[in-house]
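Quick one: the structure is below, questions incoming.
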Amino acid sequence: MSKHSPEQLQIFLDVATEAVMAAGAILQERWGKLTNIEEKSRPGDLVTEVDRLAEAEILKVLRRHVPEHQILAEESGKLGELDSEYLWAIDPLDGTTNYAHGYPVAAVSAGLLFEGVPIVGAVYNPFRNELLRAASGLGATCNRRPIQVSQTKELSKTILVTGFAYDRRETTDNNYAEFCYLTHLTQGVRRSGSAAIDITDVACGRIDGYWERGISPWDIVAGIIILTEAGGKVTAYDGSPLKIESGRILATNGQIHNSLSKALVETPPLANWNS
Ligand code: IPD
Ligand code: CA
Ligand code: CA
């Protein structure tokens with residue numbers, strides 16, 4: 001439980017909302033008009049002028065309202081007071097590959113950690129015009145209506161979602177085996193290209209579970225608090241407490257958590273899974 005009063009949490013939630021809506025307006029205005037697409041860390045890891053413009057807008061909002069807080073923003077890295085116990089994790093455009101290709105699946109994500117624990121989150125999807133929000137103890141909403149995870153109990157009845165990190169060609173730990181195995185065990189596994197949308201779709205009850213490796217805090221901090229406030233569960237793959245910096249997350253409706261965890265831990269090597 002957070003040490004913050006509901007009023008204080010609401011103030012932070014309003015800041016998060018202002019930030020994601022300001023960035024979302026940029027994603028909308030610039031849609032279809034990109035002039036600059038570059039590769040960042042490796043081939044396929046893209047950044048556009050919209051990632052940078054949207055991030056600059058978010059930083060302006062945070063500096064105006066909470067100048068004393070630290071910020072971890074995807075395009076700018078770590079900023080601000082190093083001794084603050086508050087840290088914002090910001091993804092100004094989650095789904096850059098989709099956006100750069102004109103595939104309308106992307107979102108803006110702003111989450112606030114207090115002493116390493118997510119306490120507030122807002123995710124705005126300008127293509128669905130959906131604003132997902134939560135703060136600890138205050139519940140989770142989509143466009144201001146309460147949301148809840150699904151009640152699906154059996155893995156064989158689920159629909160899941162996952163993603164593949166940009167380093168997937170450089171490692172055999174690339175999630176390909178898990179993707180095939182879970183496709184076999186469930187009603188389907190989707191890959192949206194936006195981790196923030198994936199985890200909040202679990203919060204909305206549209207998807208029963210999400211897992212991914214190779215992700216960053218800005219991809220998931222907002223989604224974690226939104227999902228847990230919607231009744232979901234987040235852990236490491238093996239069910240142990242989640243370490244946000246580990247880059248690995250298992251996020252479900254709670255009901256299928258153990259069975260999905262078991263399947264992930266027991267995934268056979270790719271060549272042998274159906275032999
Ligand atoms: C990516 C998306 C994608 C996930 C990648 C992320 P970006 O973020 O969330 O779904 O599979 O691991 O890096 O680069 O579009 O902000
Ligand atoms: Ca991202
Ligand atoms: Ca991004």
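We number each residue from 1, following the sequence as shown.
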Open item on the list: Suppose we screen for side-chain contact (heavy atoms from CB on, under 4.5 Å). Which residues come up paired with Ser150, at least two apart in sequence or across chains?
Closed with: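 Applying side-chain contact (heavy atoms from CB on, under 4.5 Å) to Ser150 gives Thr152, Asp208, Asn253.
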Task: Student check: side-chain heavy atoms of Ile159 and Thr186 closer than 4.5 Å - done: no
Open item on the list: Show me the pairs that pass side-chain hydrogen bond (donor to acceptor under 3.5 Å, both in side chains) and involve residues 230-239, at least two apart or across chains.
Closed with: Thr235-His257, Asp238-Ser240
Task: Single-linkage hydrophobic cluster, 4.5 Å side-chain cutoff, Trp31 and Leu131 together - done: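 Both belong to a single hydrophobic cluster.
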Open item on the list: Minimum heavy-atom separation for Pro268 and Ala177, please, with both atom names.
Closed with: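 The answer is O-CB, 3.8 Å.
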Open item on the list: Just checking Arg30: does its CZ atom have more than 12 heavy atoms from other residues, nucleotides or ligands closer to it than 6.0 angstrom?
Closed with: no
Task: Steps toward side chain to side chain contact (heavy atoms under 4.5 Å, CB included) verdict (Arg248, Lys243) - done: CA-CA 8 Å; Arg248 242 173 242 265; Lys243 292 197 182 89; over 6 Å; no
TODO: Report yes if the side chains of Ile26 and Leu93 come closer than 4.5 Å at any heavy-atom pair, otherwise no.
DONE: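 Side chain of Ile26 against side chain of Leu93, heavy atoms only: no contact under 4.5 Å found.
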Open item on the list: How close do His69 and Ser84 get, counting heavy atoms only, and between which atoms?
Closed with: CA-OG, 3.8 Å
TODO: Give a yes or no on whether the backbone of Gly139 and the side-chain of Glu229 come within a donor-acceptor separation of less than 3.5 Å.
DONE: yes
Open item on the list: Please give the remaining members of the hydrophobic cluster of Tyr166, linking ILVMFWY side chains under 4.5 Å, ordered by chain and number.
Closed with: none
Open item on the list: Within the structure provided, determine whether Glu18 and His65 are in side-chain contact (heavy-atom separation under 4.5 Å).
Closed with: yes
Open item on the list: So, using side-chain contact (heavy atoms from CB on, under 4.5 Å) as the criterion, who are the partners of Lys153 when residues are at least two apart?
Closed with: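 So Lys153 forms a side-chain contact (heavy atoms from CB on, under 4.5 Å) with Gln255.
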Task: Shared hydrophobic cluster, Leu13 / Ile71 (ILVMFWY, side-chain heavy atoms < 4.5 Å) - done: yes
TODO: Tell me, please, which residues at least two apart from Arg190 pass salt bridge (Lys or Arg N to Asp or Glu O under 4.0 Å).
DONE: none
Open item on the list: For residues Leu87 and Val221: do they belong to one hydrophobic cluster (side chain heavy atoms under 4.5 Å, members Ile, Leu, Val, Met, Phe, Trp, Tyr)?
Closed with: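 Leu87 clusters together with Val221.
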Task: Nearest heavy-atom neighbours spanning Pro92 and Glu74 - done: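 Result for this residue pair: CD-CB, 4.2 Å.
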Task: Pair Thr48-Asp51, side-chain donor/acceptor within less than 3.5 Å - done: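 Their side chains do contain a donor-acceptor pair, which is all the 3.5 Å distance test asks for.
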TODO: Kindly write out the residues that satisfy side-chain contact (heavy atoms from CB on, under 4.5 Å) with Glu154, not counting sequence neighbours, or none if the list is empty.
DONE: Ser156, Lys157
- [ ] Give the cluster check for Trp88 versus Met21: same hydrophobic cluster or not, with ILVMFWY residues linked at side-chain heavy-atom distances below 4.5 Å.
- [x]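 Yes, one cluster joins them.
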Open item on the list: In the structure I gave you, are the side-chain heavy atoms of Leu264 and Trp211 within less than 4.5 Å of one another anywhere?
Closed with: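 Yes; the side chains approach each other to less than 4.5 Å.
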Open item on the list: Looking at Lys262, I'd like to know if its NZ atom is crowded, meaning that more than 12 non-hydrogen atoms belonging to other residues, nucleotides or ligands lie closer than 6.0 Å.
Closed with: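 Not more than 12 within 6.0 Å, no.
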- [ ] For the residue pair Phe164 and Arg191, establish whether any side-chain heavy-atom pair is separated by less than 4.5 Å.
- [x]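 Side chain of Phe164 against side chain of Arg191, heavy atoms only: contact under 4.5 Å found.
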Open item on the list: The criterion is side-chain contact (heavy atoms from CB on, under 4.5 Å); which residues satisfy it with Glu7, sequence neighbours excluded?
Closed with: Ser5
Open item on the list: Could you tell me if Tyr210 and Glu212 have a donor-acceptor pair between their side chains, going purely by distance under 3.5 Å?
Closed with: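 Result is yes, a qualifying pair exists.
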Open item on the list: Could you check whether any side-chain heavy atom of Ile226 comes within less than 4.5 Å of a side-chain heavy atom of Ile199, counting everything from C-beta outward?
Closed with: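 They are not in contact (no side-chain heavy atoms under 4.5 Å apart), so the answer is no.
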Task: Passing candidate, side-chain contact (heavy atoms from CB on, under 4.5 Å) with Phe179, options Thr162, Thr267, Asn174 - done: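 Among the candidates, only Thr162 passes.
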Task: ILVMFWY cluster membership beyond Val265 - transitive side-chain contacts under 4.5 angstrom - done: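 Result for Val265 is none, singleton.
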Open item on the list: Are the side chains of Val189 and Val161 in contact, using a 4.5 Å heavy-atom criterion?
Closed with: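 Sidechains of Val189 and Val161: no contact.
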Open item on the list: My understanding is that only residues two or more places apart in sequence, or in another chain, count here; which of them pass salt bridge (Lys or Arg N to Asp or Glu O under 4.0 Å) with Arg52?
Closed with: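 Counting only residues at least two positions away or on another chain, Arg52 forms a salt bridge (Lys or Arg N to Asp or Glu O under 4.0 Å) with Glu38.
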Open item on the list: Hydrophobic cluster membership, with links at side-chain heavy-atom distances under 4.5 Å among I/L/V/M/F/W/Y: are Val149 and Ile147 in one?
Closed with: no
TODO: Run the numbers on Asp45 and Glu39 for side chain to side chain contact (heavy atoms under 4.5 Å, CB included), then give the verdict.
DONE: CA-CA 5 Å; Asp45 181 5; Glu39 285 185 329; over 6 Å; no
Open item on the list: Among residues at least two apart in sequence or on other chains, which ones pass salt bridge (Lys or Arg N to Asp or Glu O under 4.0 Å) with Arg213?
Closed with: Asp167, Asp173
Task: Smallest separation among heavy atoms of Leu132 and Cys142, with atom names - done: CD1-CB, 3.5 Å
TODO: Quick one: do Gln70 and Lys78 satisfy side chain to side chain contact (heavy atoms under 4.5 Å, CB included)? Show the steps, please.
DONE: CA-CA 7 Å; Gln70 276 195 85; Lys78 198 104 177 235; 3.0 Å; yes
Open item on the list: Any carboxylate oxygen within less than 4.0 angstrom of a Lys/Arg side-chain nitrogen, looking at Arg206 and Glu130?
Closed with: yes
Open item on the list: Checking Leu182 against Leu155 for the side chain to side chain contact (heavy atoms under 4.5 Å, CB included) test, could you report, in this order, the C-alpha distance in whole Å, the side-chain angles of both residues, the deciding distance, and whether it holds?
Closed with: CA-CA 9 Å; Leu182 268 312; Leu155 201 53; 4.3 Å; yes
Just list the side-chain donor-acceptor pairs under 3.5 Å for residues 102-127, sequence neighbours left out, or say none.
{"residue": "Glu115", "atom": "OE1", "partner": "Lys3", "partner atom": "NZ", "Å": "3.4"}
{"residue": "Tyr124", "atom": "OH", "partner": "Asn129", "partner atom": "OD1", "Å": "2.7"}
{"residue": "Asn125", "atom": "OD1", "partner": "Phe127", "partner atom": "N", "Å": "2.9"}
{"residue": "Asn125", "atom": "OD1", "partner": "Arg128", "partner atom": "N", "Å": "3.1"}

Task: Shortest non-hydrogen contact from Ala19 toward Ile58 - done: O-CG1, 3.6 Å
Task: Nearest atoms (heavy-atom pairs only) where Asn175 meets Gly163 - done: ND2-O, 2.9 Å
Open item on the list: Would the distance check show the side chain of Tyr99 and the main-chain N or O of Leu34 forming a donor-acceptor pair, the cut-off being under 3.5 Å?
Closed with: no
Task: Counterpart residues, side-chain hydrogen bond (donor to acceptor under 3.5 Å, both in side chains), relative to Glu245 (two or more places apart) - done: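 side-chain hydrogen bond (donor to acceptor under 3.5 Å, both in side chains) check on Glu245 returns nothing, list empty.
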Open item on the list: If you define the side chain from C-beta out and look only at heavy atoms, does anything of Tyr86 sit under 4.5 Å from Val66?
Closed with: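 Result no, sub-4.5 Å side-chain heavy-atom pair not found.
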